[in-house]
There are 2 protein chains.
Amino acid sequence: MVGLKDVAERAGVSAKTVSNVVNGYRHVTPATRRRVQQAIDELGYRPNLTARHLRAGRTGIIALALPELGNPYFAELAEEVIAYAAGRDYTVLLDHTHGRRDQEVLFIRGVRAGLIDGLILSPIELENEDLAARGSDAPLVLLGEREYEAPYDHIAIDNVAAARAATRHLLELGRRRIAFLGARHGRTRQPAHLRLRGWREEVSAAGAAAGEDLVATTDGYTRADGARAMARLLDSGAAPDAVFCYNDLVAIGAMRTLGERGLRVPEDVAVVGFDDIEDGRYCAATLTTIAPHKQAIAREAVDALLARLRPGPAATPESSVSPVSPEPPRHIRPGFALIPRESTLGRP
Amino acid sequence: MVGLKDVAERAGVSAKTVSNVVNGYRHVTPATRRRVQQAIDELGYRPNLTARHLRAGRTGIIALALPELGNPYFAELAEEVIAYAAGRDYTVLLDHTHGRRDQEVLFIRGVRAGLIDGLILSPIELENEDLAARGSDAPLVLLGEREYEAPYDHIAIDNVAAARAATRHLLELGRRRIAFLGARHGRTRQPAHLRLRGWREEVSAAGAAAGEDLVATTDGYTRADGARAMARLLDSGAAPDAVFCYNDLVAIGAMRTLGERGLRVPEDVAVVGFDDIEDGRYCAATLTTIAPHKQAIAREAVDALLARLRPGPAATPESSVSPVSPEPPRHIRPGFALIPRESTLGRP
DNA sequence: CTGAAAGCGCTTACAG
DNA sequence: CTGAAAGCGCTTACAG
């Protein structure tokens, strides 16, 4: 490991001068700068980021904790967050929770303390009490459908409004038996709560079928979950003429089952998803979906987090009493759009 | 920020004792341990990982530099690497190269010096000369189809053999005009070199059509690239009865175009992909593909990298002369399998 | 414009 | 079983 001192020694200057050169400090004689630069090149010196981070009291790293990358929505969102954060000179450390409460709790409690400056979490199973008992003061921003009472910034599109828009689209096409695919059962509060509510409000308002026989639960939100739930729904005799799915993966799984059963999309059953993942645009019947503005979500999440980071090492010892972020927590609602495609409109 | 000293002070012990408790060192009196633990809980102390890393001379972080997460193959591979590395007590920092040479060069040159212990890179455009001029001694493991002369461990399935297996499958089904979709043109050596070669060898050996009119180039490896290339191929009058695609994304794009043109898969055109991404299992015609053993790839890559990491801080100053890894670089070939599905066999 | 010294928060020989 | 001190590789007031 070649360090600053080695460079300083070789160039015949002090460590500070090398540091000045490395960090582009202006007041260095051209001759000195050249000599230092040469020593750096000859030794192949690279500044040690860990040392820099310790000294600075910040790392420029933020964690993004998502359920999993296997869901393209999260992969696409992660790419947006990483790209936007990079533009703000931050590195993103990706963590997986697998949608498990214990993992989610671990992250908000502060594993990674000192390594990350702040955290963006997209929770699935996390509960209010977990946030209350947090015991870490690193800035935290929450993402996605789940809502909490704890005082943290929360970035999410209006899920109820989006679900209503999706349902309305199906109603306007004349569908009357619209199923909802992807409700969750289990020990915790419904993660799919808001989208289910939007569906229920809209079908009820239209006087269309809103019975529980049209609600299919799933264990998770994968294609396999969607395929199974669709099969169960068809077997139950519920005879839907449309399905609104929790997300695109569930919708893609549902369409596969419909195809296997010889049912045509959209003639027999129209399908709407949620997320606008790339796959949906290449299905045999391209998928109508709700497109959350991912780029805006990423931008708002990163901006919200950075706004709550201390600018650097605590300015003065006294400032540690009441450091920063007296700003009240914000509820930010990026936009979304309904994208009608072949799974509801048919092929042009 | 509450540090070790604060805990020590509150518990009335030295920093070392706190450190002993935090790190589960055995020889601590139960009473002392209890007192320290209580101070930790009361103060909400979390050890600062950056300080620990600096002290240890290692961070337990390895970087995984991939082209992009938008390609599910890389997202799925990343999940495997992250999971396996976690089991070996390593954290993975994901970096994107976007398949750009300048980005790939940046990573092998050692941005992230001191922050990561080693690097796994899946290169697209990187050249031999870039590796030769590397100027960083952090352990590096290479992944994927591109092959290099530089002395680094390289993990990849046998791409030529896999491409031959895919092509043979189509030949055995009686196809004679098998196109290859996804050759790359451009300023650098073919990234798709080996798969193209496998296709060429196999069709030639079978005496089937091997003309350049059956080779369609693409700019990248996305669904859109596949859709466009398929359209171009059909418009050119090449009239293939099968296509072997560089990867599943290209194949999915190709199938979409075939559907739009009213061509049936596999009756009119059989399709084989490469990667075995999840999407392929839910297409209208499920996708026949080459399944690289992703888990094995992830395991081998991480193991190869960890085998070359110094175990901790340099044992003695002298050991820095010839540190470790005298092991010659290895070429590791995880397995693969051909998975026949509806896109070549039809629906049962 | 450049240097000497202190310190970021840990861990680890070295003593006792 | 526990403590005092040094040091990981940087940067930053403080001097000069």
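Numbered from 1 within each chain, the chains take letters A, B, ... in sequence-line order.
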Student: Both distances below 3.5 Å, Watson-Crick or wobble geometry, any strand: find the nucleotide opposite D:dA13.
Tutor: none
Student: Could you check how far CG of A:Asp6 sits from P of D:dC10, rounded to whole Å?
Tutor: 9 Å
Student: Can you see if the side chain of A:Thr17 gets near the phosphate of C:dG3 - specifically, an N or O under 4.0 Å from OP1 or OP2?
Tutor: yes
Student: Could you give the CG-to-P distance, from B:Asn23 to C:dG9, as a whole number of Å?
Tutor: 17 Å
Student: Rounded to the nearest Å, what distance is computed from the CZ atom of residue A:Arg33 to the C1' atom of nucleotide C:dT2?
Tutor: 13 Å
Student: Determine the minimum heavy-atom distance between A:Ala78 and A:Leu64, stating which atoms define it.
Tutor: CA-CD2, 3.9 Å
Student: For the pair made of NZ in B:Lys5 and C1' in C:dC10, what is the distance, rounded to whole Å?
Tutor: 10 Å
Student: Closer than 4.0 Å, any side-chain N/O of A:Arg52 to the OP1 or OP2 of D:dT11?
Tutor: yes
Student: Let me know the distance between OH of A:Tyr25 and C1' of D:dC10, rounded to the nearest Å.
Tutor: 17 Å
Student: Can a side chain N or O of B:Thr32 be found less than 4.0 Å away from OP1 or OP2 on D:dT2?
Tutor: yes
Student: Are the side chain of A:Glu104 and the backbone N or O of A:Glu125 linked by a donor-acceptor pair below 3.5 Å?
Tutor: yes
Student: Send over the distance from A:Arg35 CZ to C:dC1 P, rounded to a whole Å.
Tutor: 15 Å
Student: Measure from the side-chain heavy atoms of A:Ser14 and tell me the nearest of C:dG3, D:dG9, C:dG9.
Tutor: C:dG3
Student: Below 4.0 angstrom from OP1 or OP2 of D:dT2, is there any side-chain N or O of B:Thr29?
Tutor: yes
Student: With nearest nucleotide decided by heavy atoms, which residue, B:Leu54 or A:Asn20, maps closer to the 5′ end of DNA chain D?
Tutor: B:Leu54
Student: Could you give the NE2-to-P distance, from A:His53 to C:dC10, as a whole number of Å?
Tutor: 17 Å
Student: As a test of understanding, state which of A:Arg88, A:Arg330, A:Arg308 forms a salt bridge (Lys or Arg N to Asp or Glu O under 4.0 Å) with A:Asp303.
Tutor: A:Arg88
Student: Taking 4.0 angstrom as the limit, do B:Arg333 and B:Glu147 come out as a salt bridge?
Tutor: yes
Student: Which nucleotide sits closest to the side chain of A:Val28: D:dC10, C:dT2, C:dC10?
Tutor: C:dT2
Student: What is the base-pairing partner of C:dA4, counting Watson-Crick and G-U wobble geometry with both distances under 3.5 Å?
Tutor: none
Student: Which nucleotide in the list C:dG9, D:dA13, D:dT11 gets nearest to the side chain of A:Lys16?
Tutor: D:dA13
Student: Determine the sole option in B:Glu76, B:Glu80, B:Glu79 for which the side-chain hydrogen bond (donor to acceptor under 3.5 Å, both in side chains) test with B:Lys294 is passed.
Tutor: B:Glu76
Student: Return the value, rounded to whole Å, for the distance between atom CG of A:Leu4 and atom C1' of C:dG3.
Tutor: 13 Å
Student: Side-chain N or O of A:Ser19 less than 4.0 angstrom from OP1 or OP2 on D:dT12?
Tutor: no
